[in-house]
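A quick note: this is a predicted structure, and the numbers were derived from the prediction, not measured. Whatever order the structure lists them in is the order used to number ligands and atoms, beginning at 1. Position 1 is the first residue of the sequence; numbering continues from there.
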Amino acid sequence: MNHTTQVAIVGAGPSGLLLGQLLAKAGIDNIIVEQRDPDYILGRIRAGVLESVCVEALEQAGCAERLHAEGLIHHGIELAFGGASHRINFEELIGKHVVVYGQTEVTRDLMAARESIGATTVYEADQVSLHDIDSASPKVRFVKDGQTHEIAAAFVAGCDGFHGVSRKTVADRIQTFERVYPFGWLGILADVPPVTEELIYANSERGFALSSMRSKTRVRCYIQCSLDDKVEDWSDQRFWDEYRRRLPEAAAAATITGPSIEKSIAPLRSFVTEPMRFGNLFLAGDAAHIVPPTGAKGLNLAASDVLYLARGIAQFFVERSSEGIDGYSQRALSRIWKAERFSWWMTSLLHRFPEQTDFDRAIQRAELDYLVGSTAARTSLAENYVGLPMAS
Ligand code: FAS
Ligand code: PHB
């Protein structure tokens with residue numbers, strides 16, 4: 001069965017759904033093809049902190065109402081090391097803040113918005129493949145309920161994440177940059193109140209821990225774990241005991257524990273694909289780059305990619321100008337690399353590396369001491385954490 005649209009989007013995660021919504025707002029027809037079903041996508045527990053760029057993108061997409069009603073505004077974070085806790089006050093340093101609102105809720109809002117405008121999303125599509133991406137009519141083929149379908153479009157957006165088909169389609173035309181970290185993050189979700197108002201990033205002798213949240217009644221907590229660890233190795237009790245050993249004393253004592261409603265291990269890597277455009281195929285979000293979650297950048301980078309891409313495609317169709325799509329890869333990569341640097345730096349600063357020498361640990365401690373003692377250094381962390389401005 002053949003279909004025609006202006007933009008074919010592969011992937012219905014935050015990137016694909018946000019792009020679909022922004023294009024629809026600009027009057028540009030689009031179809032999303034997704035391999036999984038909505039419940040599976042909503043069940044993936046991921047990001048929790050939104051930069052203002054991401055909030056603005058959701059406002060432009062007309063999907064920010066619940067975010068503003070339920071999201072938690074955070075004016076800073078705590079850095080804990082050496083038995084003490086140090087606040088990085090974003091508001092005081094740079095007059096900005098972040099919003100804590102789970103990726104699951106962002107995705108839910110985007111799904112609801114897309115359904116309300118009646119835009120086409122094909123879920124549980126099999127054997128998705130991309131064709132003729134250098135031609136004026138690139139195509140996305142897939143099998144649904146045993147029938148083969150083909151979508152002809154002016155542009156294809158590869159929003160299908162790190163393991164998707166889009167980057168694989170151009171594997172022989174890309175340069176990749178990668179660093180894999182020698183540890184993972186074991187994360188749990190639990191319906192207990194957070195121990196503090198803001199997030200705590202802890203560098204302890206036993207390893208990294210992060211105290212985050214989804215609301216005032218639901219926490220998202222992480223500990224650095226070995227790459228050999230399996231989720232089944234970690235009972236809830238074992239997690240909470242280790243987690244509390246890594247927090248500052250007062251926070252550990254005040255921590256309320258409870259049964260996990262989700263528990264998973266995520267590997268950590270830095271990864272960038274260059275370029276991000278191949279003829280009329282554009283990569284966006286995790287399809288093009290991955291950051292270690294220490295800097296809370298993954299979802300936010302996906303949002304800025306999509307803002308650049310949506311603007312470029314709208315410029316093409318509405319103003320008949322290709323300046324935006326021609327400049328997409330360079331603009332997006334400029335912001336991506338700065339976020340990659342910050343995420344690598346936060347990861348290097350806060351984790352215990354297996355091969356670290358005493359000298360390495362002393363340098364890490366000196367970096368932390370300098371950071372919390374310098375207004376310039378704290379300002380640098382603050383402006384990167386809340387999100388650097390987008391290029392015009
Ligand atoms: P996604 O991977 O979210 O979505 C891609 C979509 O494409 C998926 O729905 C997938 O099913 C679909 N797809 C894949 N292959 C396909 C194919 N062949 N055909 C059709 N569809 C296909 N970021 C943070 O900021 N903070 C965090 O704490 C954090 N934790 C994370 C934990 C994990 C385990 C992972 C994997 C990522 C985490 N991230 C975090 C990053 C994450 O939030 C991503 O940045 C975000 O999901 C990016 O969204 P998308 O680009 O839409 O990719
Ligand atoms: C989360 O709440 O999932 C979260 C918050 C901040 C991070 C990483 C993850 O840096």
Side-chain angles (χ1 to χ4, degrees), residues 8-20 32-51 54 72 74 77 98-104 106-107 110-111 121-130 140-144 157-169 184-189 194 198-201 208 210-215 218-222 262 264-269 271 283-306 336 339 342-343 346-347 350 385 387:
I9 299 171
V10 185
S15 295
L17 289 167
L18 177 60
L19 179 61
I32 296 181
V33 178
E34 163 62 49
Q35 67 179 1
R36 298 286 186 173
D37 65 62
D39 288 343
Y40 181 91
I41 296 168
L42 292 170
R44 292 189 305 227
I45 307 303
R46 293 193 173 162
V49 173
L50 306 186
E51 297 175 353
C54 187
L72 302 174
H74 280 203
I77 57 171
V98 292
V99 177
V100 169
Y101 187 71
Q103 175 172 323
T104 300
V106 169
T107 307
L110 286 166
M111 284 177 174
T121 308
V122 180
Y123 285 103
E124 297 182 279
D126 287 329
Q127 301 166 50
V128 179
S129 59
L130 279 56
V140 174
R141 281 192 204 124
F142 62 91
V143 175
K144 173 78 176 169
C159 299
D160 47 349
F162 186 65
H163 301 290
V165 66
S166 299
R167 194 178 68 252
K168 292 190 183 100
T169 301
W185 276 19
L186 167 61
I188 71 163
L189 203 60
E198 295 175 337
L199 274 58
I200 303 174
Y201 287 80
F208 170 79
L210 171 59
S211 164
S212 184
M213 62 198 78
R214 291 293 178 268
S215 68
R218 177 170 285 191
V219 298
R220 179 63 170 170
C221 304
Y222 298 93
E262 193 273 351
S264 54
I265 291 180
L268 270 63
R269 81 175 73 236
F271 180 86
L283 301 181
D286 277 19
H289 46 74
I290 295 287
V291 283
T294 330
K297 291 286 156 250
L299 175 60
N300 293 299
L301 273 183
S304 50
D305 287 355
V306 165
I336 288 161
F342 176 68
S343 304
M346 283 283 276
T347 303
L350 295 169
Y385 192 92

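Ligand 1 lies nowhere less than 4.0 angstrom from a heavy atom belonging to A125. Within the 4.0 Å heavy-atom shell around ligand 2 one does not find Y101. Remark: distances from the non-hydrogen atoms of R46 to ligand 2 include one below 4.0 Å. Using 4.0 Å as the threshold, R214 has a heavy atom nearer than that to some atom of ligand 2.
Using a 4.0 Å cut-off between heavy atoms, V100 makes no contact with ligand 2 at all.
In terms of protein heavy-atom proximity, atom 32 (C) of ligand 1 is nearest to R46 CG, 3.9 Å. The protein heavy atom nearest to atom 7 (O) of ligand 1 is D160 CA, 3.3 Å. Looking at atom 21 (N) of ligand 1, its nearest protein heavy atom turns out to be Q35 N, 3.2 Å. Of the protein's non-hydrogen atoms, S15 N, 2.9 Å is the one closest to atom 52 (O) of ligand 1. Nearest protein heavy-atom contact of atom 3 (O) of ligand 2 is Y222 OH, 2.6 Å.
Ligand 2 places these atoms under 4.0 Å from at least one heavy atom of Y201: 6 (C), 7 (C), 10 (O). When each atom of ligand 2 is checked for a heavy atom of V49 under 4.0 Å away, the hits are 5 (C), 6 (C).
Distances between N or O atoms of S212 and those of ligand 2 include at least one value under 3.5 Å.
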